[in-house]
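Comments concern the structure below.
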Amino acid sequence: MTEYKPQQLDKKWQQQWTASRAFEVTEDPKRPKYYCLEMFAYPSGHAHVGHVRNYILGDVMARTKRLRGFNVLHPFGWDAFGLPAENAAIKTGTHPETSTLGNIAHMKGQLQRLGISYAWEREIATCLPEYYKFNQWIFLKMFERGLAYRKHSTVNWCPSCQTVLANEQVVEGACWRCGTTIVTRDLEQWFFRITAYADELLKGLETLTNWPEKVVVMQRNWIGRSEGARVTFPVVGGGAIEVFTTRIDTIYGATFVLLAPEHPLVEQFASEAADPAAFRAQLGRFRALDRDARLTGKEGFDTGRRAVNPFTRAEVPIWVANFVLAEYGTGAIMAVPAHDQRDFDFARKYSLPIRVVVQSGDRAVPVETMSEASINYGRLIDSAEYTGQEAPAVMRRMIADAETQRIGVGEVQYRLKDWGISRQRYWGTPIPIVYCDKDGVVPVPFDQLPVALPKVTTLTGKGDSPLAQVAEFVHTKCPVCGGPARRETDTMDTFVDSSWYFLRFCDPRNADLPFDPVSSAYWMPVDFYSGGVEHAILHLLYSRFFTRVLRDVGLLDFDEPFKRLLTQGMVLKDGNVMSKSKGNVVDPDDMLAQYGADALRLYVMFVAPPEKEVEWSGSGLEGSFRFLVRVWRLVDHWAETVGGEGIPACGDDCTDAERAVRQKTHETIRRVTIDIEERMHLNTAVSSLMELVNKLYTFSEGTVHGAPSRSPKPLGGRVERMQTIGALREALDALVLMLSPFVPHSAEEMWHMLGHPEGIAQASWPTFDAAIAKADEVTVPVQINGKIRARLTVPATTSDEQLRELALADGAVRHHTAGRTIRKVVVAKGPLVSVVVQ
RNA sequence: GCGAAAGUGGCGGAACUGGCAGACGCGCCGGACUUAGGAUCCGGUAGCCGAAAGGCUUUGGGGGUUCAACUCCCCCCUUUCGCACCA
């Protein structure tokens with residue numbers, strides 16, 4: 001008996017894999033490729049089992065696909081720029097580069113100890129100039145194409161992090177990272193024109209059939225396409241207000257106009273007001289409120305001005321309202337209180353007129369008795385020549401008429417906004433722009449990249465961009481005129497780094513281009529991508545955007561970067577997300593020391609389907625370890641008997657027991673293959689393998705009647721029949737191969753024990769034979785009025801007609817049908833016989 | 001409020017296209033082997049009734065379709081997640 005010593009096996013095989021460069025790959029047009037990717041990691045310091053679950057899942061896919069004959073790219077890297085390292089530097093004085101590289105080294109060790117089969121020679125870290133040089137390269141390409149632009153804008157400022165946040169990084173008015181309530185600030189910022197691709201990004205979602213529906217829906221909502229019209233309401237006394245509406249059919253009910261507090265006309269109205277101070281005082285109340293507070297109730301005030309509804313020609317009051325968003329549409333709306341709940345509430349609160357223009361039901365409800373807005377589409381009433389017509393046809397007509405009369409135009413609005421990428425932070429990619437008094441905004445020429453991040457030694461976290469304090473960085477020469485110029489001192493949002501890293505893995509050492517189009521054409525798109533749901537919107541949307549930009553730049557010839565997406569569930573401890581601050585982190589290294597990498601890998605895959613959240617369980621891990629010991633003993637026991645080449649499994653001459661083993665083996669191959677490749681139910685793949693092991697144990701029991709002695713109880717004794725040996729060998733080989741993606745170290749060793757001179761890398765996935773998998777005897781339940789009353793054991797070849805007769809002849813069936821009329825007998829696939837009586 | 005997903009034993013979960021509910025594992029109970037067992041092996045384990053054979057009930061609740069429903073349809077409840085005044 002060879003003892004199972006997992007820690008030794010881990011070490012032995014990990015060394016062997018590294019030495020043989022087992023997971024390094026090159027493009028090979030003759031073989032089908034498979035690009036398997038897990039979201040790269042932020043090097044926070046330690047990976048806990050929650051993180052690691054994702055890497056194990058990817059590894060099972062990668063290893064399975066290798067055995068299936070694919071040329072598998074399975075790389076890993078580090079999303080190495082970002083706030084936490086900088087915050088730590090402010091606190092402890094350790095330079096972000098030092099802490100980041102240290103963290104990377106540690107985490108890499110953790111992943112290697114888990115035996116994740118990464119092509120480490122392709123490792124990347126975004127904080128290295130070799131990488132961020134191409135962030136700058138892409139930025140410049142976007143600048144050339146007008147997709148990167150600068151604009152003066154109000155931005156979200158986090159007083160705690162001392163930086164600007166993207167809209168997407170503001171969660172309910174608070175900083176996504178520290179939770180501090182954000183305030184607004186006015187700064188000159190760089191933006192990526194993602195809105196130019198809004199429609200395409202939306203349409204592309206339809207092609208993502210192998211993405212979770214949830215993620216597709218979230219992206220669709222985020223892009224938020226609305227079709228409607230922009231309509232001009234002339235202001236009495238000069239000027240005009242443009243509103244955006246999706247309900248132009250209700251325009252005859254537009255009885256007032258609302259402006260966002262930040263609308264440009266509001267300032268003008270204030271200065272023209274009878275009492276500008278009072279006007280501004282009211283306005284100031286709204287503007288001071290943060291986003292959250294604004295949502296608490298609907299408030300507004302009359303500007304005293306009036307506009308003309310271009311359809312009714314009636315003069316309507318113009319109010320300022322806190323709930324109108326400056327950043328959406330035109331920052332102004334036509335209010336139709338009868339048919340919009342918000343406008344209704346507002347009108348009731350301030351006693352503004354309500355006019356019903358869409359008939360709901362048989363007759364119009366009197367305005368006085370209305371308790372809520374009627375928002376449904378319907379037949380128009382009191383709408384001049386449009387009266388009697390119905391939406392949506394009338395909307396098209398009204399828009400067409402508005403266009404003819406030049407009072408409006410059909411328009412599509414998106415909720416998606418351009419992506420602000422400027423960060424007043426140190427630990428990021430410098431934006432490759434120079435400001436020259438003479439030449440203005442000048443892009444750094446491509447041949448001068450990278451604009452290296454200077455080594456700032458003291459980070460205070462206060463004030464604006466740390467780079468502004470580095471004189472030798474700021475002061476440079478204008479690339480155009482050679483005169484004195486200043487560098488841009490902001491760095492890029494780190495989401496830029498992660499928007500294209502999957503492409504860099506195709507060609508990670510290219511010094512001239514982000515990647516070679518030939519290698520990306522071979523490897524891309526990513527066939528299987530997995531990571532946390534928290535990236536369902538931002539990272540995935542930005543990556544889809546970048547892919548399209550790089551396509552238009554000419555580097556790619558496809559639209560969607562990720563074919564199949566899996567959103568990984570989190571691992572909880574005591575019902576909570578693992579985090580250092582909660583002190584409930586399970587460190588994989590502790591588990592490794594106790595059970596080895598394979599038991600941990602197996603447990604994490606077995607405990608639940610990958611999308612689901614799971615609660616960490618120590619006893620579950622122990623169970624997986626026990627299973628491995630059980631497999632080990634089984635293989636160890638039979639290794640000598642079945643070892644060596646050339647013994648075929650039994651054919652027609654099988655005994656029942658041999659036949660049963662072969663049947664189970666092939667049925668398991670079928671199920672495990674489908675479970676891993678198609679359904680991604682890794683947990684049931686494992687349980688099928690457990691069933692096979694159980695079967696082989698019972699089989700082993702049956703082969704011997706020896707006296708069991710001291711522990712552990714031995715399995716069956718000598719087997720003479722060559723056919724049995726062949727069947728066993730087939731079963732054990734298949735078992736070990738199918739286990740290998742889950743427990744690669746133990747599997748390599750057992751594969752070796754079974755007499756295979758080459759490693760599993762040289763082997764291929766077991767082949768499924770439908771004829772063998774088919775059982776020759778089946779148990780057929782017989783239902784009477786839906787209740788199972790009997791079971792027939794018959795040859796699998798029994799015809800439906802025979803089954804029917806056998807069922808009706810069965811004693812128990814006759815007992816239950818005695819004295820009753822048989823009305824119907826159904827023989828269903830399954831097989832199953834269903835008898836209906838009386 | 002809108003949108004999405006999900007509710008199955010003591011627990012994690014399984015049931016692939018409407019066809020034997022509870023696979024597999026954890027836990028628990030019993031047995032074997034033992035100086036010992038927290039190792040190992042074997043057996044049991046949804047609930048209720050019954051000595052047993054067997055019977056009845058059971059997939060959040062209520063209806064329905066069907067020979068047959070965890071699965072399909074309608075109503076309701078609960079939970080989780082996402083968006084949250086987008087005109």
Side-chain angles (χ1 to χ4, degrees), chain A residues 171-172 212-218 220-222 224-226 228 243-247 250 254 258 294-298 321-325 327-336 339-343 345-346 413-416 533-534 536-537 602-603 606-609 611-615 617-624 626-627 629-630 633 670-671 674-675 678-679 681 683-691 693-694 697-698 701 707-715 779-788 791 812 823-837:
Chain A
V171 181
E172 289 178 6
E213 180 64 23
K214 175 194 167 113
V215 175
V216 172
V217 169
M218 281 165 70
R220 186 177 299 128
N221 293 341
W222 193 261
R225 185 180 196 272
S226 300
V243 303
F244 175 74
T245 179
T246 54
R247 290 297 301 274
T250 64
L258 295 175
R294 273 206 201 178
L295 300 184
T296 52
K298 290 178 179 53
N322 63 344
F323 69 92
V324 177
L325 305 172
E327 64 272 20
Y328 184 77
T330 59
I333 61 168
M334 62 175 212
V336 185
H339 306 296
D340 181 283
Q341 190 58 42
R342 298 156 299 185
D343 300 347
D345 295 343
F346 195 83
Q413 278 288 339
Y414 296 93
R415 298 178 63 178
L416 181 69
V533 237
E534 65 273 20
I537 298 177
L602 186 72
Y603 165 67
F606 175 61
V607 67
E611 312 78 6
K612 278 202 78 158
E613 247 175 25
V614 295
E615 173 69 31
S617 148
S619 57
L621 175 58
E622 215 169 298
S624 292
R626 275 206 292 272
F627 170 72
V629 174
R630 206 166 134 81
R633 277 215 319 278
R670 187 185 74 84
R671 281 166 56 186
I674 292 172
D675 278 354
E678 289 170 33
R679 305 204 304 151
H681 284 198
N683 53 331
T684 52
V686 174
S687 57
S688 297
L689 291 166
M690 287 174 166
E691 281 186 58
V693 170
N694 290 345
Y697 261 78
T698 17
E701 280 292 305
S709 69
R710 265 191 74 86
S711 63
K713 185 175 169 186
L715 296 156
T779 305
V780 182
V782 183
Q783 297 183 335
I784 295 166
N785 286 355
K787 283 197 168 62
I788 292 168
R791 288 176 197 282
R823 305 205 9 197
K824 194 171 182 180
V825 180
V826 179
V827 181
K829 66 179 153 61
L832 172 145
V833 181
S834 181
V835 180
V836 190
V837 294

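Owing to the predicted nature of the structure, the values given are computational and were not obtained by experimental measurement. Values below: every heavy atom of this structure, side chains too, minus hydrogens, waters and symmetry copies. Chain naming here is simple, since letters A, B, ... match the order of the sequence lines and numbering starts at 1 in each.
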Any idea which of B:G25, B:G3, B:G13 is nearest the A:V217 side chain? B:G3
Winner on side-chain proximity to A:K787, out of B:G25, B:C56, B:G3, is B:C56
Determine: side-chain N/O of A:R415 to OP1/OP2 of B:A87, distance under 4.0 Å, yes or no. no
Taking the six-membered ring for Trp, are A:F627 and A:F606 ring centroids under 6.0 Å apart? no
A:N683 side chain near B:A14 phosphate (N/O to OP1/OP2, under 4.0 Å): yes
Measure from the side chain of A:M218, starting at C-beta and using heavy atoms only, and say which of B:A87, B:G82, B:G12 lies closest. B:G82
Look at the side chain of A:W222 and decide which nucleotide, out of B:A87, B:A21, B:C83, has an atom nearest to it. B:C83
Side chain of A:K214, heavy atoms from C-beta onward: which of B:C67, B:G13, B:C81 has the nearest atom to it? B:C81
5'-most by nearest nucleotide on RNA chain B - A:G224 or A:V533: A:V533
N/O (side chain, A:N694) to phosphate O (OP1/OP2, B:G25) under 4.0 Å: yes
Has A:R626 got a side-chain N or O lying under 4.0 Å from the OP1 or OP2 atom of B:C26? yes
Closer than 4.0 Å, any side-chain N/O of A:R633 to the OP1 or OP2 of B:C41? yes
Of the candidates B:G19, B:A15, B:C24, the side chain of A:S687 sits closest to B:C24
Give a yes or no on this: more than 12 heavy atoms of other residues, nucleotides or ligands lie within 6.0 Å of atom CZ of A:R823. no
From the candidates B:A87, B:G19, B:C16, the one with an atom nearest any side-chain atom of A:R679 is B:C16
What is the base-pairing partner of B:U35, counting Watson-Crick and G-U wobble geometry with both distances under 3.5 Å? none
When all nucleic acid strands are considered with a 4.0 Å heavy-atom cut-off, which category describes A:P831: base, sugar-phosphate, or nothing? nothing
Mind calculating the distance between NZ (A:K824) and P (B:A68) to the nearest angstrom? 9 Å
Selection from B:A23, B:G25, B:A87 that lies nearest to any side-chain heavy atom of A:Y328: B:A87
What distance, rounded to whole Å, do you find between the two C1' atoms, one in B:U71 and one in B:C16? 12 Å
Nearest whole angstrom, please: distance from the C1' of B:C24 to the CE of A:M690. 7 Å
RNA chain B: 5'-proximal contact among A:V836 and A:A332 (nearest heavy atom): A:V836
Would you please confirm or rule out a distance under 4.0 Å between OP1 or OP2 of B:A39 and any side-chain N or O of A:R630? no
Of all the nucleotides listed (B:G19, B:A23, B:A87), which has the minimum atom distance to the side chain of A:K829? B:G19
Partner nucleotide of B:A53 by Watson-Crick or wobble geometry (both distances under 3.5 Å): none
If you compare every side-chain N and O of A:T779 against the phosphate oxygens of B:C20 (OP1, OP2), does one of them come in below 4.0 Å? no
Base of B:C26, side chain of A:S619 - is there a donor-acceptor contact under 3.5 Å? no
Now, which nucleotide makes the Watson-Crick or G-U wobble pair with B:C83, with each of the two distances under 3.5 Å? B:G1
Which residue is it: A:V826, A:I784, A:N785? I am looking for the one with a side-chain contact (heavy atoms from CB on, under 4.5 Å) to A:V836. A:N785
